[in-house]
Amino acid sequence: QVQLVESGGGLVQAGGSLRLSCAASGRTTFSSYAMGWFRQAPGKEREFVAAISWSGGNTYYGDSVKGRFTISRDGAKNTVYLQMNSLKPEDTAVYYCAADRSAPTADRFALTVREASYDYWGQGTQVTVSS
């Protein structure tokens, strides 16, 4: 059983930065996993934000956050991060960490945008960007 716990959300002004963390536990290795971030704003569907393969470091970003957000991971801490810069009010949402136990290969990594590919989800952390 894998558990994911997000942290780091909060209130920030437009143009500011925030770093989210996702602590993963329940396994000794996540070498085959892809880790993703999704978000859901009030009245909107859940949206893919970013994903990373645990071993290879392959990354993929949603169009709305490219150039502003960076996903990374620390294998020693079993933690995935989402660095969010140049935040906009439109980024306001609950951000969820998710884990796909069988990551796509590098040539197919764009498949990580699919919600259905993920096996485990965290409870979410609120990010609010004020204007």
Side-chain angles (χ1 to χ4, degrees):
Q1 183 67 45
V2 172
Q3 297 87 42
L4 305 174
V5 180
E6 303 97 333
S7 62
L11 176 65
V12 64
Q13 293 184 356
S17 298
L18 208 59
R19 189 178 75 163
L20 306 183
S21 298
C22 173
S25 62
R27 300 187 80 250
T28 57
T29 178
F30 293 89
S31 60
S32 66
Y33 278 56
M35 306 295 294
W37 287 97
F38 290 77
R39 66 187 184 185
Q40 188 165 28
K44 294 186 177 181
E45 64 185 4
R46 190 166 296 186
E47 176 188 21
F48 172 78
V49 176
I52 187 169
S53 60
W54 195 265
S55 293
N58 300 307
T59 59
Y60 201 79
Y61 295 92
D63 289 341
S64 63
V65 305
K66 286 181 179 178
R68 299 189 298 122
F69 291 10
T70 303
I71 189 170
S72 62
R73 87 289 195 201
D74 185 332
K77 295 182 178 180
N78 287 340
T79 300
V80 178
Y81 303 97
L82 184 69
Q83 178 66 47
M84 305 183 294
N85 298 326
S86 301
L87 284 162
K88 305 174 181 179
E90 305 94 274
D91 296 317
T92 295
V94 176
Y95 283 71
Y96 297 92
C97 179
D100 175 359
R101 65 192 304 159
S102 185
T105 53
D107 60 312
R108 300 170 60 205
F109 202 67
L111 295 174
T112 53
V113 304
R114 299 180 177 184
E115 286 187 54
S117 296
Y118 291 85
D119 303 289
Y120 307 100
W121 294 81
Q123 290 296 115
T125 185
Q126 176 71 48
V127 172
T128 303
V129 184
S130 62
S131 59

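This one's a predicted model, so the numbers in the text were calculated from it and none came from an experiment.
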Between [Y] and [X], is there a side-chain heavy-atom distance shorter than 4.5 Å?
{"X": "Val94", "Y": "Thr125", "result": "no"}
{"X": "Ile52", "Y": "Asn58", "result": "no"}
{"X": "Val2", "Y": "Arg27", "result": "yes"}
{"X": "Glu90", "Y": "Thr92", "result": "no"}

Mark yes when over 12 heavy atoms from residues, nucleotides or ligands other than Arg114 sit less than 6.0 Å from its CZ; otherwise mark no.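 For Arg114, atom CZ is not crowded (no more than 12 foreign heavy atoms under 6.0 Å).
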Is it the case that atom CD in Gln123 sees more than 12 heavy atoms from other parts of the structure closer than 6.0 Å?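 No, because the 6.0 Å sphere around CD of Gln123 holds 12 heavy atoms or fewer from other groups.
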Ring-ring centroid check Trp54 Phe30, cutoff 6.0 Å: yes
Could you walk me through whether Met35 and Leu4 pass the side chain to side chain contact (heavy atoms under 4.5 Å, CB included) check? CA-CA 10 Å; Met35 306 295 294; Leu4 305 174; 3.9 Å; yes
Donor-acceptor contact present, side-chain [X] to main-chain [Y], <3.5 Å:
{"X": "Ser53", "Y": "Ser55", "value": "no"}
{"X": "Tyr60", "Y": "Leu111", "value": "no"}
{"X": "Gln3", "Y": "Gln1", "value": "yes"}
{"X": "Glu6", "Y": "Cys22", "value": "no"}

Same cluster for [X] and [Y] if Ile/Leu/Val/Met/Phe/Trp/Tyr side chains link at under 4.5 Å?
{"X": "Leu20", "Y": "Tyr118", "value": "no"}
{"X": "Val113", "Y": "Val65", "value": "no"}
{"X": "Trp121", "Y": "Tyr33", "value": "no"}

Specify the closest pair of heavy atoms between Ser131 and Pro89, including all atoms of both residues, with the distance to one decimal. CB-CG, 3.8 Å
With sequence neighbours excluded, tell me which residues meet side-chain hydrogen bond (donor to acceptor under 3.5 Å, both in side chains) with Asn85.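 Residues passing side-chain hydrogen bond (donor to acceptor under 3.5 Å, both in side chains) with Asn85: Ser17, Gln83.
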Qualifying salt bridge (charged side-chain N to carboxylate O under 4.0 Å, His left out) pairs with a residue from residues 58-68, counting only residues at least two apart or across chains: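 Applying salt bridge (charged side-chain N to carboxylate O under 4.0 Å, His left out) to every pair that reaches into residues 58-68, excluding sequence neighbours, yields Asp63-Lys66, Arg68-Asp91.
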Other hydrophobic cluster members with Tyr81, side-chain heavy atoms of Ile/Leu/Val/Met/Phe/Trp/Tyr under 4.5 Å, chained? none
Measure the spacing between OG1 of Thr59 and CZ of Arg73 and express it to the nearest 0.5 Å. 9.5 Å
Evaluate Thr70 against Leu82 for side chain to side chain contact (heavy atoms under 4.5 Å, CB included), listing each step before the verdict. CA-CA 6 Å; Thr70 303; Leu82 184 69; over 6 Å; no
Quick one: side-chain hydrogen bond (donor to acceptor under 3.5 Å, both in side chains) pairs with a partner in residues 93-108, sequence neighbours left out?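 For residues 93-108, and leaving out neighbouring residues, the side-chain hydrogen bond (donor to acceptor under 3.5 Å, both in side chains) pairs sorted by first residue read Arg39-Tyr95, Arg101-Tyr120, Thr105-Asp107.
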Once side chain to side chain contact (heavy atoms under 4.5 Å, CB included) is applied, do any residues pair with Ala23, and if so which ones, sequence neighbours excluded?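 In terms of side chain to side chain contact (heavy atoms under 4.5 Å, CB included), with neighbours along the sequence ignored, Ala23 is linked to Thr79.
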For Phe48, all residues meeting ring pair (Phe, Tyr, Trp, His ring centres under 6.0 Å), sequence neighbours excluded: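 Once residues adjacent in sequence are excluded, the partners of Phe48 under the ring pair (Phe, Tyr, Trp, His ring centres under 6.0 Å) criterion are Phe38.
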Thr128 and Val12: CA distance, side-chain angles, deciding distance, side chain to side chain contact (heavy atoms under 4.5 Å, CB included) verdict: CA-CA 6 Å; Thr128 303; Val12 64; over 6 Å; no
NZ or CZ of Arg19 within 45° of Trp37 ring axis and under 6.0 Å: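 Because its charged atom misses either the 6.0 Å distance or the 45° angle limit, Arg19 does not stack over Trp37.
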